[in-house]
Enquirer: 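Quick one: the structure is below, and I'll ask about it shortly.
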Amino acid sequence: MWTLRATGREVGSSSCEDTMAPVPYETLNKRFRAAQKNIDRETSHVTMVVAELEKTLSGCPAVDSVVSLLDGVVEKLSVLKRKAVESIQAEDESAKLCKRRIEHLKEHSSDQPAAASVWKRKRMDRMMVEHLLRCGYYNTAVKLARQSGIEVAQEVEAAVSQDCTTALQPGQQDNTLSQNKQKSLKLKRKLKCAKMLFFRHARKHFSQAEGSQLDEVRQAMGMLAFPPDTHISPYKDLLDPARWRMLIQQFRYDNYRLHQLGNNSVFTLTLQAGLSAIKTPQCYKEDGSSKSPDCPVCSRSLNKLAQPLPMAHCANSRLVCKISGDVMNENNPPMMLPNGYVYGYNSLLSIRQDDKVVCPRTKEVFHFSQAEKVYIM
Amino acid sequence: MEQCACVERELDKVLQKFLTYGQHCEQSLEELLHYVGQLRAELASAALQGTPLSATLSLVMSQCCRKIKDTVQKLASDHKDIHSSVSRVGKAIDRNFDSEICGVVSDAVWDAREQQQQILQMAIVEHLYQQGMLSVAEELCQESTLNVDLDFKQPFLELNRILEALHEQDLGPALEWAVSHRQRLLELNSSLEFKLHRLHFIRLLAGGPAKQLEALSYARHFQPFARLHQREIQVMMGSLVYLRLGLEKSPYCHLLDSSHWAEICETFTRDACSLLGLSVESPLSVSFASGCVALPVLMNIKAVIEQRQCTGVWNHKDELPIEIELGMKCWYHSVFACPILRQQTSDSNPPIKLICGHVISRDALNKLINGGKLRCPYCPMEQNPADGKRIIF
């Protein structure tokens, strides 16, 4: 993800400008390398055929053979042309995608408030789409993207939608990160196979096992000796269906690392930060008396979600009247009733009847004049 | 913004290079193919005539071969040259953007229990309903096998229906709703019903003199609002004078302003949400927006802590290490921070009001006790510690 490197003065104003920029840039890089490879390969083909032609020319060739060799050259040149054009198109596309992302980021600092709020709404929708893709809810993500006018980068879709069968295919960059993943996958596969298939499978995939993986291989082999419903661990653990979930998890994480995406979606991280920044002890008072209808952390679902998160840090007091929700400051000074509860002066005025006020929280009745001013530094 | 402009400059250069290279590549290969094609035609005709390969043709052929090799190799190396521009883009990105977002808390804090993920999806569904994206919400419920009660959905479905009608300038459903909730709207001091009637009246007025009778008879609806909205009713009745002339040319042309429609949608949304006990902006949006402000600050401080190697500062996992300015509209609860100890008060350390009216926390008060007496740190008023009264905000 990209966040604008918050310089000192911009910390306040720069909100989280996140994009999935490594994906477009990495794609650009990847496509460039692929293009270079293609061009090099086709160029070498052409050079080979031309070399052959030159060789025959140095002897005394028949015209026919020269013609046919020349045909070969023409063919290879056409292939080169086609591949070059295709590759350049792909590169151009990904560079344009990068550019679009940058332009999108620039919109953030637009001066018009309406445009800025539309941008913010779109940003949130974009983050939600990414989150939904990570969770595997592809249809929802696509629907949301369509409704908000977001284009879902194919690379992202590809990054999260691979399934188990394709996972075993060797990827070019896969080697370093995926060995563990591949190991586990093979383990799983084997568990489901009958013995014959088991041996075949084991021979095919375990021959490359090395180092620490050898121990796991030994364990796996040992399983042969036990029936499937064994209670003896570690064999029992190996057969546990929960391993599938672990495997899925591990696969997901490895996949994300390959594409330089973090383990958690940006949406989740931002939400956590936001909930922490709003969370106060009052949101979690046992009797629920201090919940505020406007406070997001007090709302049903978010309250449960925010429970394990840290609270906001407040070095300065800020007081809010329980009756009106207005700020209590010099314009609306806080007043204490004899029972110790504090309300804003304006609110007390508004609930005053016949010079008396009723404390909304304890229902005790007091004279208006009994309210004392409180000084908060 | 400078950072974006920087990366954009590099990207533009790369795009330009791709363009020129692409054109050049295609062109030179075309030429080459054409040339070879010509040669081949010559040779083919020579083959037909049965003549052997002449020396000139042979020379031309070898020249052609060299040319092909040269062109093709130059193409490959030209492409390689673009690599430096591409990597400059990458460097610009690295320089100007942080590529790593680290969480505020440990990564797995919401993974640990499957339930938390479910709650998160639920929160998203609620948000989608509130934003009016009903089909997306339905799809998510299906895919995540969540069950949302009908009575939770019901008010949103209705709200959405009415809003859609309002967008099409159909006041009927909104009026129905306003009438059925009249009592509660009055408690809220909402003038929604009046505004709806007013809009309808204005629309009739816009229809010109033909609608005059209809407008007049519709005006009877204003009667219950006569006390509260007297001035506005007078304005509208006055505009009838210009009906024949056309309202656009009269001093009352502001009544025809189309912003009224946008305003009525907003008023309706606000009042409906208040009735439902919801805030206008879904809690998820507000939290997310706060997160967008909070995250860079937190990442900054994490970087500073790591740089200065004082990781001890942020081990207090219950509280964030730094205050985050969210603005007054995010002040939902009272927070009192003792001015002396600079700490939030809590149930175990509540705020105490001294006789002079100044408020400090109990721990601070205990620290200030000197020989059974207490001197207020702000006004030097001597008092008895026991006279301090616990207050609740």
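This structure is a prediction, so every number in the text was calculated from the model and none was measured. Convention: sequence-line order gives letters A, B, ...; per-chain numbering from 1.
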Enquirer: When you look at B:Tyr332 and A:Val297, which way does the side chain to side chain contact (heavy atoms under 4.5 Å, CB included) test go after all the steps?
Expert: CA-CA 10 Å; B:Tyr332 304 108; A:Val297 177; over 6 Å; no
Enquirer: Check each atom of A:Met124 against the heavy atoms of chain B and say whether the ones under 4.5 Å are side chain, backbone, both or neither.
Expert: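 Both parts, heavy atoms under 4.5 Å.
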Enquirer: Are side-chain N/O atoms of A:His313 and B:Gln343 paired as donor and acceptor at under 3.5 Å?
Expert: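 Short answer, no.
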Enquirer: Under a 4.5 Å heavy-atom cut-off, does chain B meet the side chain of A:Lys279, its backbone, both or neither?
Expert: neither
Enquirer: In terms of the angle between their ring planes, are B:His358 and A:Tyr375 parallel, tilted or perpendicular, with boundaries placed at 30° and 60°?
Expert: tilted
Enquirer: Tell me which one of A:Arg146, A:Met128, A:Gln147 satisfies side-chain contact (heavy atoms from CB on, under 4.5 Å) with B:Val136.
Expert: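 Answer after filtering A:Arg146, A:Met128, A:Gln147: A:Gln147.
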Enquirer: Tell me, side chain or backbone of B:Cys25 under 4.5 Å from chain A's heavy atoms, or both, or neither?
Expert: side chain
Enquirer: With a 4.5 angstrom heavy-atom cut-off, is it the side chain or the backbone of A:Val50 that approaches chain B, or both, or neither?
Expert: both
Enquirer: Where does B:Ser285 contact chain A at under 4.5 Å (heavy atoms): side chain, backbone, both or neither?
Expert: both
Enquirer: If I take atom CD from residue B:Gln118 and atom NZ from residue A:Lys304, how far apart are they, to the nearest 0.5 angstrom?
Expert: 11.0 Å
Enquirer: Kindly compute the distance separating OG (A:Ser78) from CG (B:Leu29), expressed to the nearest 0.5 Å.
Expert: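 Here the rounded value is 9.0 Å.
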Enquirer: Is A:Val342 close to B:Ile392 at the side-chain level, that is, under 4.5 Å between some pair of heavy atoms?
Expert: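 No, too far: nothing below the 4.5 Å cut-off.
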Enquirer: Of all of A:Val46, A:Val327, A:Asp40, A:Val85, which one pairs up most often with chain B through heavy atoms under 4.5 Å apart?
Expert: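 Answer, by heavy-atom pair count under 4.5 Å with chain B: A:Val327.
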Enquirer: So which atom in A:Met328 and which in B:Phe393 form the shortest heavy-atom distance, rounded to 0.1 Å?
Expert: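 Heavy atoms of A:Met328 and B:Phe393 come nearest at CE-CD2, 4.4 Å.
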Enquirer: Side chain, backbone, both or neither: which part of A:Val74 has a heavy atom under 4.5 Å from chain B?
Expert: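 For A:Val74, heavy atoms of backbone and side chain both lie under 4.5 Å from chain B.
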Enquirer: Between B:Ser287 and A:Leu275, what is the shortest heavy-atom contact and its length?
Expert: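 Shortest heavy-atom contact: OG-CD2, 3.5 Å.
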Enquirer: Within the 4.5 Å heavy-atom criterion, are B:Val335 and A:Ser317 side-chain neighbours or not?
Expert: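 They are not in contact (no side-chain heavy atoms under 4.5 Å apart), so the answer is no.
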Enquirer: For A:Arg300, is it the side chain, the backbone, both, or neither that has a heavy atom closer than 4.5 Å to a heavy atom of chain B?
Expert: side chain
Enquirer: Working to the nearest 0.5 angstrom, can you tell me the gap between A:Ile88 CD1 and B:Ile82 CD1?
Expert: 7.0 Å
Enquirer: In terms of heavy-atom proximity below 4.5 Å to chain B, should A:Ile376 be classed as side chain, backbone, both, or neither?
Expert: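 Contact with chain B involves the side chain of A:Ile376 alone.
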Enquirer: So which residue, B:Leu326, B:Val286, B:Thr345, B:Val86, ends up with the most heavy-atom pairs under 4.5 Å with chain A?
Expert: B:Val86
Enquirer: Pick from B:Phe288, B:Tyr21, B:Phe336: which one has the most heavy-atom pairs with chain A under 4.5 Å?
Expert: B:Phe288
Enquirer: Using non-hydrogen atoms only, which part of A:Val73 is less than 4.5 Å away from chain B: side chain, backbone, both, or neither?
Expert: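 The side chain, not the backbone.
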Enquirer: With only heavy atoms counted, which part of B:Leu140 is less than 4.5 Å from chain A, the side chain, the backbone, both or neither?
Expert: both
Enquirer: If I measure from the heavy atoms of chain A, does B:Cys64 come under 4.5 Å with its side chain, its backbone, both, or neither?
Expert: neither
Enquirer: Could you give the distance from CZ (A:Arg318) to CH2 (B:Trp331), rounded to the nearest 0.5 Å?
Expert: 6.5 Å
Enquirer: Checking B:Glu325 against chain A: side chain, backbone, both or neither under 4.5 Å from a heavy atom?
Expert: neither
Enquirer: Using side chain to side chain contact (heavy atoms under 4.5 Å, CB included), reason through B:His83 and A:Gln36 one step at a time and then give a plain yes or no.
Expert: CA-CA 9 Å; B:His83 179 253; A:Gln36 186 67 46; over 6 Å; no
Enquirer: State, yes or no, whether a side-chain contact exists between B:Cys292 and A:Thr270 at a heavy-atom distance under 4.5 Å.
Expert: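 Side chain of B:Cys292 against side chain of A:Thr270, heavy atoms only: contact under 4.5 Å found.
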Enquirer: Quick one: of A:Thr47, A:Leu337, A:Ile278, who has the most non-hydrogen atom pairs under 4.5 Å with chain B?
Expert: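 Of A:Thr47, A:Leu337, A:Ile278, A:Ile278 has the most heavy-atom pairs under 4.5 Å with chain B.
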Enquirer: Let me know if A:Leu302 has heavy atoms under 4.5 Å from chain B in its side chain, its backbone, both or neither.
Expert: side chain
Enquirer: Identify the two heavy atoms, one from A:Pro281 and one from B:Gln344, that lie closest to each other, and give their separation to 0.1 Å.
Expert: CD-NE2, 4.0 Å
Enquirer: With side chains defined as the heavy atoms from C-beta onward, is the minimum distance between B:Met133 and A:Lys143 less than 4.5 Å?
Expert: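 No, every pair of side-chain atoms sits at 4.5 Å or beyond.
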Enquirer: Which pair of non-hydrogen atoms, one from A:Glu54 and one from B:Ser62, has the smallest distance, and what is that distance?
Expert: OE2-O, 4.2 Å
Enquirer: If I compare all heavy atoms of A:Asn139 with all of B:Glu143, which pair ends up nearest, and what's the gap?
Expert: N-OE2, 3.2 Å
Enquirer: Has A:Lys96 got a side-chain atom pairing as donor or acceptor with B:Leu15's backbone, closer than 3.5 angstrom?
Expert: no
Enquirer: Out of A:Ser87, A:Cys295, A:Cys283, A:Gly274, which one racks up the most heavy-atom pairs below 4.5 Å with chain B?
Expert: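 Top option by heavy-atom pairs under 4.5 Å: A:Cys295.
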Enquirer: Need one label for A:Asp125: side chain, backbone, both or neither, based on atoms under 4.5 Å from any heavy atom in chain B.
Expert: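 The side chain, not the backbone.
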Enquirer: With a 4.5 angstrom heavy-atom cut-off, is it the side chain or the backbone of A:Ala51 that approaches chain B, or both, or neither?
Expert: neither
Enquirer: For residues A:Glu372 and B:Lys353, determine if any side-chain heavy atom of one lies less than 4.5 Å from a side-chain heavy atom of the other.
Expert: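 The answer is yes; the side chains approach within 4.5 Å.
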Enquirer: What are the two closest heavy atoms between A:Leu269 and B:Leu295, and how far apart are they?
Expert: O-CD1, 4.2 Å
Enquirer: Just checking B:Glu323: does its CD atom have more than 12 heavy atoms from other residues, nucleotides or ligands closer to it than 6.0 angstrom?
Expert: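 Enclosed.
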Enquirer: Heavy-atom distance under 4.5 Å to chain B: side chain of A:Lys99, backbone, both or neither?
Expert: both
Enquirer: Calculate, to the nearest 0.5 Å, the distance between atoms OG1 and NE2 belonging to A:Thr280 and B:His333 respectively.
Expert: 4.0 Å
Enquirer: Mind ranking B:His127, B:Arg342, B:Lys80, B:Glu281 by heavy-atom pairs under 4.5 Å with chain A and telling me who comes out on top?
Expert: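 So the answer, after comparing B:His127, B:Arg342, B:Lys80, B:Glu281, is B:Lys80.
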Enquirer: Verify side chain to side chain contact (heavy atoms under 4.5 Å, CB included) between A:Val67 and B:Arg40, making sure each step is shown before the conclusion.
Expert: CA-CA 6 Å; A:Val67 170; B:Arg40 188 203 177 281; 3.7 Å; yes
Enquirer: Chain B: which of A:Ala315, A:Ser44, A:Ser299, A:Ala95 shares the most heavy-atom pairs with it under 4.5 Å?
Expert: A:Ala315
Enquirer: Report yes if the side chains of A:Leu271 and B:Leu120 come closer than 4.5 Å at any heavy-atom pair, otherwise no.
Expert: yes
Enquirer: Kindly indicate, with the supporting measurements, whether the criterion side chain to side chain contact (heavy atoms under 4.5 Å, CB included) is fulfilled by B:Gln121 and A:His131.
Expert: CA-CA 10 Å; B:Gln121 297 338 337; A:His131 175 80; 3.9 Å; yes
Enquirer: Is the closest side-chain donor-acceptor distance between B:Glu126 and A:Ser301 under 3.5 Å?
Expert: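 Side chains of B:Glu126 and A:Ser301: pair found under 3.5 Å.
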Enquirer: What residue, out of A:Leu53, A:Leu80, A:Asn316, A:Val49, has the most heavy-atom pairs lying under 4.5 Å from chain B?
Expert: A:Asn316
Enquirer: Nearest 0.5 Å, please: how far is CG in A:Asn339 from CZ in B:Arg390?
Expert: 12.5 Å
Enquirer: Counting only non-hydrogen atoms closer than 4.5 Å, does A:Val374 touch chain B with its backbone (N, CA, C, O), its side chain (CB onward), both, or neither?
Expert: both
Enquirer: Check each atom of B:Glu138 against the heavy atoms of chain A and say whether the ones under 4.5 Å are side chain, backbone, both or neither.
Expert: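 Neither part.
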Enquirer: With a 4.5 angstrom heavy-atom cut-off, could you sort out which part of B:Leu284 is near chain A: side chain, backbone, both or neither?
Expert: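 B:Leu284 touches chain A through backbone and side-chain heavy atoms alike.
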